[in-house]
Protein chains: 2
Amino acid sequence: MTDQLADAAGTTADPADTDGRVRRGDRTRRLVLGRAVDVASVDGLEGLSIGRLATELSMSKSGLIAHFGSKEQLQLATIRAARAIFATAVVEPALREPPGLGRVRALLDAWLDYSSDRRFPGGCFFARATHEFAARPGPVHDALAAADTEWLALIARTIAEAQAAGEIRADVDADQLAFDLAAYLDSANLRSLLLGSFAVYDQARAALDRRLTESAS
Amino acid sequence: MTDQLADAAGTTADPADTDGRVRRGDRTRRLVLGRAVDVASVDGLEGLSIGRLATELSMSKSGLIAHFGSKEQLQLATIRAARAIFATAVVEPALREPPGLGRVRALLDAWLDYSSDRRFPGGCFFARATHEFAARPGPVHDALAAADTEWLALIARTIAEAQAAGEIRADVDADQLAFDLAAYLDSANLRSLLLGSFAVYDQARAALDRRLTESAS
DNA sequence: TCATAATACGAACGATCGTACTATTTGTTT
DNA sequence: AAACAAATAGTACGATCGTTCGTATTATGA
């Protein structure tokens with residue numbers, strides 16, 4: 001929680017490890033992954049080349065890739081790092097709200113901020129990477145598909161909480177509602193980048209608001 | 001109209017040209033672009049490499065790229081080719097319906113078929129390419145942004161026709177409704193590819209139907 | 001101080017990238 | 001048949017790709 005990229009690097013969560021050598025390695029891993037997520041959000045996980053990353057960070061290719069083993073492992077670590085950032089930027093703030101409609105709204109608002117504030121320079125990291133690997137098999141695809149499934153499940157679960165709290169009608173299909181809401185978010189993210197405008201976020205907010213209002217008890 | 005890829009290749013629409021040399025060139029251009037859109041729908045417009053394309057088509061790199069001049073020009077031609085395919089698969093069938101709510105539904109249904117039938121092996125070509133270049137400047141970005149803007153404008157115009165026909169309420173914001181509907185389509189396309197399932201198209205249909213029903217007069 | 005272990009570097013590898021330049025083949029025209 | 005034009009092929013270039021190997025640097029232990 002203190003550092004989003006700690007366990008994304010694959011360390012065994014050993015904060016009290018006083019070995020300065022592995023601490024140096026962890027520091028480098030976090031440095032690399034911090035740049036990697038930004039690069040990948042713009043140029044994709046394939047555009048994330050080792051040589052480019054090494055040049056930008058003023059280090060050697062071999063020294064960089066030694067931390068990950070292969071490019072595919074670097075891509076998987078980058079996804080884990082992006083998940084950690086997403087969790088702190090979107091999920092955790094929402095979970096600080098009490099369960100109910102307020103938490104649903106907090107989750108969606110946090111996502112819109114995460115996208116429009118360009119927490120990643122290329123907009124939502126997952127929108128970029130997921131489309132890149134949607135039609136390609138392999139471990140990277142699977143990791144992204146799992147992340148997407150978890151994200152939609154989180155929305156649906158938050159909706160179900162609001163139903164349990166009596167703030168969303170019981171006859172609403174939580175999965176369907178989650179699908180609709182996520183669709184608005186993704187569409188706004190894409191078209192804001194595409195047009196260089198932020199007005200589309202207002203359209204997303206209007207869509208979210210209407211859909212939630214008509215679902216409220 | 002007879003051949004979707006004819007003018008996408010950049011020819012000046014000279015069908016009666018009896019010169020067998022340029023006819024051969026046009027045939028090759030269409031062959032190349034037909035493969036290019038399929039490859040790009042899976043691996044993106046950057047993954048579209050000249051060498052790979054040449055190998056798959058059993059021709060030389062130099063002979064292939066001579067038709068386009070540069071990779072960026074090939075990418076732009078590929079976008080034009082994809083637009084032509086999209087027009088015949090989605091737009092033209094819908095425009096054969098009389099203006100009104102029926103045409104709106106026909107347009108959306110045609111899009112869902114275009115996506116779920118995998119008219120491109122990687123799902124919607126534009127979903128893939130647009131996310132790839134959303135955060136990158138240049139002519140390719142601009143061409144994709146223009147295509148997206150035209151697509152949303154077409155939906156909005158079709159909605160406005162239905163309003164003029166008295167089948168959609170006059171107080172409905174056509175641009176907002178178009179945004180919502182397009183969001184459902186894109187979301188279904190992505191998540192169907194990601195999960196390898198087609199059930200998500202039913203969610204999209206449910207979302208489209210609800211949104212249109214509540215907007216109907 | 002000296003062996004040990006982890007991290008980082010430098011150089012080179014074969015492969016592929018996009019592009020340019022020069023033939024060669026194929027079809028047209030006179 | 002000869003001159004011409006368009007399409008295609010062949011070859012090579014410099015750059016970058018991911019990866020591997022040997023070595024140097026840095027920090028930790030005995």
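Just so you know, these numbers use all the heavy atoms, side chains as well, and skip hydrogens, waters and symmetry mates. Quick note on labels: first sequence line is chain A, next is B, and so on, each numbered from 1.
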| On DNA chain C, nearest-nucleotide positions of B/Ser62 versus B/Arg21: which is more 5'? | B/Ser62
| field | Proximity of A/Phe126 and A/Trp151 rings by center, below 6.0 Å | value | no
| said: Using whole Å, what does the distance between atom P of nucleotide D/dT16 and atom CD of B/Glu46 come to? | reply: 15 Å
| said: In this structure, how many angstroms lie between the P atom of C/dG10 and the CE atom of A/Met59, rounded? | reply: 11 Å
| Selected nucleotide, minimal atom distance to A/Ser60 side chain, candidates C/dA8, D/dA9, D/dT20 | C/dA8
| Distance-only donor-acceptor check, side chains A/Ser192 and A/Arg118, under 3.5 Å | yes
| field | B/Asp209 vs B/Arg105, salt bridge (Lys or Arg N to Asp or Glu O under 4.0 Å): CA-CA, chis, key distance, verdict | value | CA-CA 9 Å; B/Asp209 208 59; B/Arg105 295 200 126 103; 2.8 Å; yes
| note | B/Lys71 has its side chain closest, among C/dC9, C/dG18, D/dT19, to C/dG18
| query | If you find the nucleotide of DNA chain D closest to A/Ile65 and the one closest to A/Gly51, which residue's nucleotide is nearer the 5' end? | reply | A/Gly51
| query | A/Phe68 CZ to C/dT7 P: how many Å, rounded? | reply | 12 Å
| said: So A/Ser49, base contact, sugar-phosphate only, or nothing? Heavy-atom distance under 4.0 Å. | reply: sugar-phosphate
| Just how far, in rounded Å, is P of C/dC17 from CD of B/Glu72? | 18 Å
| task | Walk me through it: do A/Asp186 and A/Trp111 pass the test side-chain contact (heavy atoms from CB on, under 4.5 Å)? | result | CA-CA 10 Å; A/Asp186 292 343; A/Trp111 199 97; 3.9 Å; yes
| So, do A/Tyr184 and B/Tyr184 have ring centers that fall under 6.0 Å from each other? | yes
| Euclidean distance, atom CZ of residue A/Arg24 to atom P of D/dT28 [Å, nearest integer] | 10 Å
| message | Could you tell me how far apart A/Arg29 (CZ) and C/dA6 (P) are, to the nearest whole angstrom? | response | 12 Å
| Side chain of A/Thr28 - closest among C/dA8, D/dC17, C/dT19 | C/dA8
| C/dA6 P sits how many Å from A/His67 NE2, rounded? | 13 Å
| query | What does A/Ala66 touch in the nucleic acid at a heavy-atom separation under 4.0 angstrom: a base, only the sugar-phosphate, or nothing? | reply | nothing
| task | Measure from NZ on B/Lys61 to C1' on D/dA7 and round the result to the nearest Å. | result | 19 Å
